[in-house]
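Remarks on the structure that follows.
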Amino acid sequence: MIRVLIADDQPLVRRGLALILGPDPEFEVVGEAEDGARAVALAHELRPDVVVMDIRMPVMDGVKATEELARTLPGTRVLALSTFDMDEYVVAALRAGAYGFLPKDISPEELIAAVRVVHTGEAAVAPRLLSRLLSAYVRTPAERPRSWAAETPAELTPRELEIWRLMATGRGNAEIAAELDISVSTVKNHITGIFGKLGVRDRAQAVIAAYESGLVEAGAGSG
């Protein structure tokens, strides 16, 4: 059973999310929080597997709450929600450690699927949406101060750089394997090494790092 905490400042939204997830025997909604600070406190108390987190909330917003949970409860994974699909807070939440993002107008089936994906430790962000977000809100190397992904790590091998670039342009593991004529398991092993060298936690953070480092540019995605 996947234990879920719901954090949103609107009671009606919290109740709606709980009514979607609660009846499914795969999920247990263990609590609800009205702001980011309460979400962090309840997460420490209840130890949910996944927090469905609105990113715009009072007291402490979802970005700061996500950052705090990533630092103190790495086993609890955050799925960020926003009213708007084009929202600069989304990129900030993914950078802070959210495993995925969904706009609030998604279907119940999409929400259930995303919670399952995030629970496995995979990133739940549609490549097309992520590319649009990065094109709009991620600054190029010349536009931003040095950050955790400000430079392309010199220790990445040429093969790792190529896989990182393909991953950042929206290719899945099978597509990368076919393009490079290697096995999917080899791709997965390389991706694990890339994550470690970049100091990122998942695919979404690796894609952000690729744009921030200048490895790929806005508009380079495959769609």
Side-chain angles (χ1 to χ4, degrees), residues 2-4 43 47-53 63 66-80 90-102 113-131 133-134 138 141 146-218 220-223:
I2 302 172
R3 293 165 53 81
V4 181
R47 301 300 174 103
D49 300 305
V50 176
V51 179
V52 179
M53 179 92 72
V63 175
T66 297
E67 186 174 20
E68 180 68 15
L69 289 176
R71 184 179 64 83
T72 60
L73 286 179
T76 294
R77 290 154 182 161
V78 173
L79 175 62
V90 174
V91 174
L94 294 169
R95 188 185 288 114
Y99 276 81
F101 159 71
L102 290 175
V115 173
R116 287 175 179 149
V117 169
V118 166
H119 179 246
T120 68
E122 297 293 326
V125 187
R128 186 188 302 272
L129 176 57
L130 185 56
S131 295
L133 285 165
L134 296 177
V138 172
R146 185 178 180 87
S147 72
W148 55 270
E151 305 294 340
T152 301
E155 62 268 24
L156 284 178
T157 66
R159 176 65 87 189
E160 287 172 337
L161 281 170
E162 181 65 6
I163 290 174
W164 186 24
R165 183 186 66 78
L166 291 171
M167 181 169 51
T169 53
R171 269 76 158 190
N173 291 352
E175 292 173 305
I176 295 172
E179 185 157 342
L180 299 180
D181 196 24
I182 57 179
S183 69
V184 172
S185 62
T186 298
V187 172
K188 291 180 178 178
N189 289 337
H190 279 304
I191 288 174
T192 298
I194 291 165
F195 288 176
K197 291 179 180 180
L198 293 177
V200 302
R201 202 169 67 173
D202 57 37
R203 204 178 193 95
Q205 286 191 341
V207 173
I208 293 172
Y211 277 80
E212 287 195 327
S213 69
L215 180 70
V216 294
E217 298 179 356
S222 64

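Quick caveat, the model's predicted, so the values are computed rather than measured. Here, residue 1 is the first one in the sequence, and each next residue gets the next number.
- Between the CG atom of D181 and the CD atom of E179 there is a distance of 11.0 Å, given to the nearest 0.5 Å.
- In this structure, OG1 on T76 lies 7.0 Å from CZ on R47, to the nearest 0.5 angstrom.
- Looking at every heavy atom in both residues, A43 comes nearest to P48 through O-CD, 3.5 Å.
- In this structure, H190 and R159 approach most closely via the heavy-atom pair NE2-CG, 3.6 Å.
- A salt bridge links R165 with E162: the closest approach of a Lys/Arg side-chain nitrogen to an acidic carboxylate oxygen falls below 4.0 angstrom.
- Nearest approach of I194 to W164, heavy atoms of both residues: CD1-N, 3.9 Å.
- Among V52, V118, L69, V63, the one residue that satisfies the side-chain contact (heavy atoms from CB on, under 4.5 Å) test with V78 is L69.
- Atoms OH and OG1, on Y99 and T66 in that order, are 12.0 Å from each other to the nearest 0.5 Å.
- A206 approaches F195 most closely through the heavy-atom pair CB-CE2, 3.7 Å.
- The line from CG of L166 to CG of L180 is 5.5 Å long, rounded to the nearest 0.5 Å.
- Atom NZ of residue K197 and atom OG1 of residue T192 lie 12.0 Å apart, to the nearest 0.5 angstrom.
- Within a 6.0 Å radius of CD in E68, more than 12 heavy atoms belonging to other residues, nucleotides or ligands are found.
- Here the closest non-hydrogen pair linking A114 and L79 is CB-CD2, 3.9 Å.
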Would V50 and R3 satisfy side chain to side chain contact (heavy atoms under 4.5 Å, CB included), going step by step from the backbone distance to the final call?
CA-CA 6 Å; V50 176; R3 293 165 53 81; over 6 Å; no
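- Taking the side chain as every heavy atom from C-beta outward, R77 and V51 never approach each other to under 4.5 Å.
- Closest of all the heavy-atom pairs between T186 and I182 is CG2-CD1, 4.1 Å.
- Using a 4.5 Å heavy-atom threshold, the side chains of M167 and I176 count as touching.
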